[in-house]
A.B. asks: 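Here you go, one structure.
In what follows, chains are A, B, ... by sequence order, proteins preceding strands, each numbered from 1.
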Amino acid sequence: MDYNWDFATIIQNWRVFWTGLQGTLLMFSVTVALGMSGGFIVGVMRYLKSPLIAWPARAFVEFFRNVPVLVQIVWFYYAFPILTGIETSPFLAAVLGISLNTMAFSAEIYRAGIQSIDAGQWEAGKAIGMSFQQTLRRIIMPVALKRVLPALTNRGIEVFKMSTLASVVAYVETLNQAKLIADLNYNPIESYTAVALIFFVVLFPVVQATYALERVLKRGDR
Amino acid sequence: MIELVRTENLHKRFGELEVLKGIDLSVSEGETVVLLGSSGSGKSTLLRCINFMETPSSGRVFIRGEAVGTERAGKLTYNQADLCQLRTKVGMVFQHFNLFPHMTVLQNVMEGQLTVLKRSRKEAGEKSLAQLDRVGLADKAGEYPSRLSGGQKQRVAIARALAMDPRVMLFDEVTSALDPELVGEVLKTMRQLALEGMTMICVTHELGFAYHVANRVLFLNDGAIHEEGNPQQVLRNPQTQRMREFLEGHSLFKLPD
């Protein structure tokens with residue numbers, strides 16, 4: 001196959017891609033923050049023994065883990081406004097879909113982390129008069145978070161890539177912008193290759209940095 | 001003599017299994033009481049009911065004459081904040097040390113003082129060093145627990161409990177997880193505490209410790225106090241068949257005198 005690559009159009013249109021990348025970064029920041037902080041709360045609820053708290057959390061996790069994010073985004077964009085009368089922007093629909101999914105997955109990561117801590121640690125905290133919250137915050141979480149950091153990193157990478165799903169409701173992000181360029185210039189090969197490259201170039205160094213962070217934290221393990 | 005700990009008709013059930021079948025115990029200030037008994041006799045559970053690591057199924061616990069929990073419509077309820085408060089007065093040391101691995105020795109001892117007693121960093125730091133000195137480990141203040149031997153870990157755990165200024169200390173088989181050669185240093189620390197007048201309730205299999213240090217020995221069998229008295233009598237001349245069997249099992253392979 002002799003295809004003549006022509007990236008000149010892509011470079012000329014760098015501003016369009018830049019706008020898209022900004023949208024991607026915004027979507028990632030909001031969804032990863034909401035998903036991983038909300039997931040923490042759900043994860044702790046899952047861990048608690050009271051069925052009144054644990055059961056709703058379990059139902060939440062099972063539901064949002066088993067519904068595709070793409071379906072959720074489309075549902076929040078098209079069905080939710082009709083059912084509730086509340087308009088959802090493409091941004092809001094995508095944030096809801098991706099965040100809820102991230103909450104469900106990260107809740108399970110946090111729960112596994114908490115459960116991996118020896119029960120003796122809870123007892124030791126309790127025995128010196130610490131409350132449940134104090135023990136969780138001061139004794140359990142510092143060790144648990146360190147253990148689940150690789151799993152959370154993986155989830156973070158997934159969340160970053162999931163932002164492209166927002167293009168289905170025409171939210172302005174990298175893939176959406178590439179489609180715009182491709183349609184205008186009839187160069188889908190270069191446009192979508194550019195999207196792949198952009199994601200790789202952004203993610204690869206970040207992932208390397210987190211590996212380094214994990215190594216540093218591991219060295220701290222004595 | 002001031003009575004520091006009292007239990008009245010204490011029962012504990014785990015589902016169908018009744019582990020404690022009505023324990024009446026009274027411990028005075030400055031006393032060292034050793035709980036003996038085979039595994040499953042309920043001695044650890046009794047200890048854990050005194051600081052409410054386990055909630056008794058029925059019966060009452062009194063700390064310094066004050067009943068723990070409030071009775072409402074014939075049902076005992078326990079306020080979590082009150083229990084946290086109580087646990088600062090009743091220290092506990094565990095078989096498996098349970099030091100906090102992400103904190104240095106000093107931070108381990110400071111933790112409860114900072115988060116629970118709200119002491120200043122300066123005060124907590126000074127108190128911690130004093131307690132570490134008391135167990136002979138002031139020079140290890142900056143180490144992480146994983147760098148310590150089992151015996152050292154256990155002595156740090158003792159210092160951590162002491163730093164809360166408890167009125168009573170509970171020791172739950174604190175030498176059972178240690179290599180034989182490390183048992184001595186922990187028992188020595190405990191003996192020193194007893195001599196300093198600390199009120200102590202110890203679950204242990206170290207009969208020598210019971211004999212030399214305890215003021216009173218309780219032998220638990222099947223969830224009840226089976227035999228009790230001063231260690232010289234109880235350990236030398238057990239009155240019951242069950243207690244004799246227990247002691248024989250312990251001294252079967254003793255070195256000849």
A.B. asks: Does a side-chain N-to-carboxylate-O contact under 4.0 Å join B:Arg64 and B:Glu29?
C.D. replies: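 Looking at B:Glu29 together with B:Arg64, the answer is no, because their closest N to O distance does not fall below 4.0 Å.
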A.B. asks: Of all of B:Leu83, B:Leu99, B:Leu170, B:Leu117, which one pairs up most often with chain A through heavy atoms under 4.5 Å apart?
C.D. replies: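 Among the listed options, the one with the most contacts to chain A is B:Leu99.
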A.B. asks: Do A:Glu123 and A:Lys126 sit within salt-bridge range, that is, some charged N less than 4.0 Å from a carboxylate O?
C.D. replies: no
A.B. asks: Ring centroid separation for B:Phe94 and B:Phe171, is it under 6.0 angstrom?
C.D. replies: no
A.B. asks: Check whether more than 12 heavy atoms from other residues, nucleotides or ligands sit under 6.0 Å from atom CD of A:Gln208, and answer yes or no.
C.D. replies: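 Yes, CD of A:Gln208 has more than 12 neighbouring heavy atoms, counting only those of other groups under 6.0 Å.
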A.B. asks: Can you say whether A:Gln134 sits under 4.5 Å from chain B via the side chain, the backbone, both, or neither, judging by heavy atoms?
C.D. replies: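 Answer is side chain: those atoms of A:Gln134 sit under 4.5 Å from chain B.
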A.B. asks: Could you look at B:Phe52 and say if it's the side chain, the backbone, both or neither that has a heavy atom under 4.5 Å from chain A?
C.D. replies: backbone
A.B. asks: Measure distances from B:Met164 to the heavy atoms of chain A and classify the residue's part below 4.5 Å as side chain, backbone, both or neither.
C.D. replies: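 For B:Met164, the side chain is the part near chain A, not the backbone.
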A.B. asks: Quick check, are the ring centers of A:Phe64 and A:Trp75 under 6.0 angstrom apart?
C.D. replies: no
A.B. asks: Hey, which of B:Glu143, B:Met53, B:Arg48, B:Gln85 has the most heavy atom pairs under 4.5 Å with chain A?
C.D. replies: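 Ranked by heavy-atom pairs under 4.5 Å with chain A, first place is B:Met53.
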A.B. asks: Do you know which of B:Thr88, B:Asn51, B:Thr115 has the most heavy-atom pairs under 4.5 Å to chain A?
C.D. replies: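 Of the candidates given, the most pairs with chain A belong to B:Thr115.
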A.B. asks: Side chain, backbone, both or neither: which part of B:Val90 has a heavy atom under 4.5 Å from chain A?
C.D. replies: backbone
A.B. asks: Could you tell me whether A:Glu214 and A:Lys146 have a side-chain N and a carboxylate O separated by less than 4.0 Å?
C.D. replies: no
